[in-house]
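Every chain is numbered from 1, with letters handed out A, B, ... down the list of sequences.
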Amino acid sequence: MMSTDLPKAYDPSTVEPAADKVWLDENLFHAEPGDPGPPYSIVIPPPNVTAALHLGHALNNALQDILARWHRMLGDNTCWFPGTDHAGIATQTVVEKRVLAEGGKRRTDFSRDEFVKKIQAWKDEYEKRITDQLKRMGCSCDWERQAFTMDEPRAKAVREAFFRLFNDGLIYRGKRLVNWDPATQTALADDEVEMEEIDGHFYYLKYPIVEEGDEATKRRSDEGVKYVTVATTRPETMLGDTAVAINPKDPRAGALRGKKVRLPIVNRIIPIIEDDYVVLPDPNSQDPKAQFATGFLKVTPAHDPNDYEIGRRHNLPVINVFSPTATISKDHGWAAEDFAQGGDDLRNLLGMDRFEARRAVVEWFRSEKLLEEIKPYKHSVGHSYRSHVPIEPYLSDQWYVATTKQIESMPETGTVSVTNIPNNSLAGMALRATRSTGILPVSSTKEHGQDARATKDWEGKLKIVPERYTKTYEAWHENIRDWCISRQLWWGHRIPVWSIEGLIVWDVTADWHENHATFEAGGRTYLCLRQFDPEEEKSLIEEGWEQDPDVLDTWFSSGLWPLSTMGWPEETRNLQKWNPTNALCTDRSIITLWVSRMVMFNLYFKNRLPFYDTFIHATILDGEGRKMSKSLGNGVDPIDIIESHGADAMRFTLAAMSTHTQDFRMPVEKDAKTRKNTSPKFDNGRNFCNKIWNATRFALMNLGSDGATERRSDERVDESKWSLADRWIVSRFNRAVADATQALQGYRYDAYAKTCYDFFWGDLCDWYLEAIKPAMKDPKRAGQTANVLAAVLDGSLRLMHPMIPFITEYIYWSLNEVQPQRGLPGKLELPASKRLINARFPAAGPVSDSAEQIFPRLQEVINTLRNLRNQYKVEPKKTISVSIMASDEFAGPLVENKEMIELLANCTLQRIGPGVQPPADSARAIAASVEIYVEDLVDKAAEEQRNTKRCEELSKQIAAMRGRLANESYSKKAPPHLVQQTRDQLAEAEAEAAKLGCS
RNA sequence: GGUCCCGUAGCUCAAUUGGCUAGAGCAAUCGCCUUACACGCGAUAGGUUAACGGUUCGAGCCCGUUCGGGACCACCA
């Protein structure tokens, strides 16, 4: 007898490293473009190097790994590109915090190079931790292709991308109001701003109207002065007011036309202008603005985006009263003579931060009796997604990508339907990715392959799953604004633009323009470099050029990810083979930040999609529906789960809960021993793995038995020698394969997990393994049964491997040892493989209708007997004596499977057939159209209760079905097979009711 | 303010285009250490599918209204 090789107890901490070692030693995650098979590729959403991975990452990567392993087993040339993201602002912020906490120093206490080195060290540490975590989770990434958004190849891609966009006129520099984060002192993109509800106030400030010729008067005179009252939530910005606006429809507008007001504190004389942006006051309005409004709007172009637009319409001066840290300052765009009018009251405000200044300004108005009132007001205010301080609209020079500008090098004309977005703009292309414009012929669908890439048939080929997120994607692009790509950080790709005072006359060769682009603005000359050349940069510095100090938005480099990971801008074989990638798995929060940018870039640079499918998975929440976060302390660390339950268990649980829902709640508990956060949800995965382990031990014991090893190979083919259970389990397996495949194709990970679980536990363990116990002990049948058992076990391992790779791989080796030759030709093909990871995924073989009809009836008989035993409180060890009245047709299978019924219901079958009469003193039940009699089982009360209950059920059903059939429109309109089905069921129910003697 | 989604057993989630008695897991109840597995086995109970109305032979699913929850976008008077 051969040993089973499997230890008695399942221990993931020995299984998982053993499997992992083989995969890595044998380089089984690696793929080359020239390998056989159709391409299948995934690029990892690069985790930020800010911190170790959390449970959301575990979910994200488990789902990707399932796809990668599945496709690898399908024989696709599968490559999963791993890497990490430098996450500019986020990483710089955590390092700044750490440096401050450890040494009390600030970023500005170091040189740029010194500080970047510190961030680099952080990145090295976390990149390693993240990679280790992914490996422990079993992620089959091609580690030779590990990338980082700021490493050399990626830097090259960024340079090239910037240059080409720049040269095409799609990158421009502009003075705009940006979302300024005064804490981190950088601009943020619109989608990096989070709105938060704030309990604020409306302040009503009175501005005196100055009469003609009275402008020189510095102080208001108390007598006869008229005022306009403005309402504002931000009184401190009044220092920068350059107008007061009124709606031209306002009845008061005519009388005030051409009038001016003196801005208190500052003494600036500013006009009253008319603009229909101003909301008319209406205390009864639904709109809170109209309720609170006075009809007069202070206009502060430098500190409010809407005011900025009003300012542009009316040519108003823009006066910036804040420093970059949002303290009152006269040095950032405030003319000295204007400031000087203010006097001491104004000077006193200098240096105050915006909140102190707010109090001071309000206090001033109060003391001057110019404060009319203060009303509480709840409104939402933009906050930095990083530092969480309120965003300051701030006027500054930034770099932008034009998203709706026509791209001249692209021939398409027209606009995307329902919008005015040009087809040949970045946003236009992104929109065309999910819906065809019809302006180009869309050729036949090619899921992957060269043809799809060579032609322009990507329109409408970007599929977002679940589909509802397509609307989010499209709505975003329909309302897109230009993308601010510069960030005032040190950690990131430096903007490859140099500038110098004055206008330069270029004396260069023609090919110089291949790698250089220039423009002039504001008396400066700007030069964009395509390639990184230290020599050239050195000489530029010597000539007095300065490089732009800013870095690019993180999403600029992650937007290039599907290109840059494959070696773009070189036309590499990787790129030809694997771009477009097949699937992108990500969270809904970055559909706009990331997915959109990848689509725009890939289409712009390569004229093809970055990926065909985007799967948006659920967000994991804690038991109370809150996001998991460090500050709440409700996060679950994947490594803790791997240690307590195993990586397979974690992956199974994550897959099983991956429905197409928006969120998934996962109750969080403290582990009693380790005091670490965990969730009982993972027990299910662990239990399942344990089940697989033990079922395999049982199988291996039997496969290694003497009887089983004396099998004959032809029995594998000769189905006539199979038992009903054999035919049934093979059929069930093939059905499970079909279901699982369909589930995976639709990204229904929950359905895939459930299919595996139900088949393995429900069909295989609960029924088949129990049913074959006698056969495995019978030398005549052991060989044949072993063949089916080995094949179904192998097939199950293949089926489940993508989800629970470690345990299946490990067990597979033992199976290879104990029974090297497996498979049931024509029924369950299992091409041999040394390792499971690259064994063939099972193809769905034929199902057996007859077996799947008869076997469940036997199950029903057994279940009924078990139920009777329980109800009549029969001792578990007592064997009951049973007779069954069944039609000739079903008596055969019952007799043939007598052994199984007796074993599973712990009974002896006495008589079976159509003429069987109920023995005296017997309990009686009806199931599967047979009558079952259990001898010497008398409990009148129990039987009475049982019958009454059943009769009630039946009479309800019968009434419902009769009613349905009596309804003519049902029998006429409903599909015939459903009507027939109802008739059959009714007949059956009536028969059973009659037998039970229901009244 | 605009858009999208959700409300199903005590909890977490299912239910292919409307069609068998609305299903699982966990928790609960009863009985079992049966020789692979107590991380297990067998059995049981638990639902007016948020509410109301409509369409339909038939509604958890489609339509409308209301209530409750979430997400995305826009919005600092």
Touch check for [X], heavy atoms < 4.0 angstrom, all strands: base, sugar-phosphate only, or nothing?
X: A:R354; answer: nothing
X: A:N967; answer: sugar-phosphate
X: A:P466; answer: nothing

>> Measuring from atom CG of A:L263 to atom NZ of A:K298, what distance do you get when rounded to the nearest 0.5 angstrom?
In response: 8.5 Å
> So, for A:F688 and A:Y757, is the gap between ring centers shorter than 6.0 Å?
Replying inline: yes
Given [options], which nucleotide is nearest the side-chain atoms of [X]?
X: A:N687; options: B:rA43, B:rC39, B:rA36; answer: B:rC39
X: A:Q662; options: B:rA71, B:rA43, B:rG42; answer: B:rA71
X: A:R866; options: B:rG42, B:rA36, B:rC4; answer: B:rG42
X: A:K691; options: B:rG40, B:rU21, B:rG19; answer: B:rG40

Under a 3.5 Å cut-off for both distances, is [N] Watson-Crick or wobble paired, and to whom?
N: B:rC4; answer: B:rG70
N: B:rU49; answer: none
N: B:rC41; answer: B:rG31
N: B:rC13; answer: B:rG23

[X] side chain near [N] phosphate (N/O to OP1/OP2, under 4.0 Å):
X: A:K627; N: B:rG70; answer: no
X: A:K8; N: B:rC37; answer: yes
X: A:W761; N: B:rC41; answer: yes
X: A:N867; N: B:rU44; answer: yes
X: A:N863; N: B:rA43; answer: yes

>> Each nucleotide in nucleotides 12-17 of chain B should get exactly one letter: B, S or -. Can you fill that in based on protein heavy atoms under 4.0 Å?
In response: BSSS--
> On RNA chain B, nearest-nucleotide positions of A:D683 versus A:R588: which is more 5'?
Replying inline: A:D683
>> Which is more 5' along RNA chain B, the nucleotide nearest A:D766 or the one nearest A:K471? Just name the residue.
In response: A:K471
Donor + acceptor pair across side chains of [X], [Y] (<3.5 Å):
X: A:T614; Y: A:Y469; result: no
X: A:D750; Y: A:S658; result: no
X: A:R964; Y: A:N967; result: no

>> A:V668 vs A:M628, test: side chain to side chain contact (heavy atoms under 4.5 Å, CB included). Steps then yes/no.
In response: CA-CA 10 Å; A:V668 176; A:M628 289 187 175; 3.8 Å; yes
> Is any side-chain heavy atom of A:Y10 closer than 4.5 Å to a side-chain heavy atom of A:I807?
Replying inline: yes
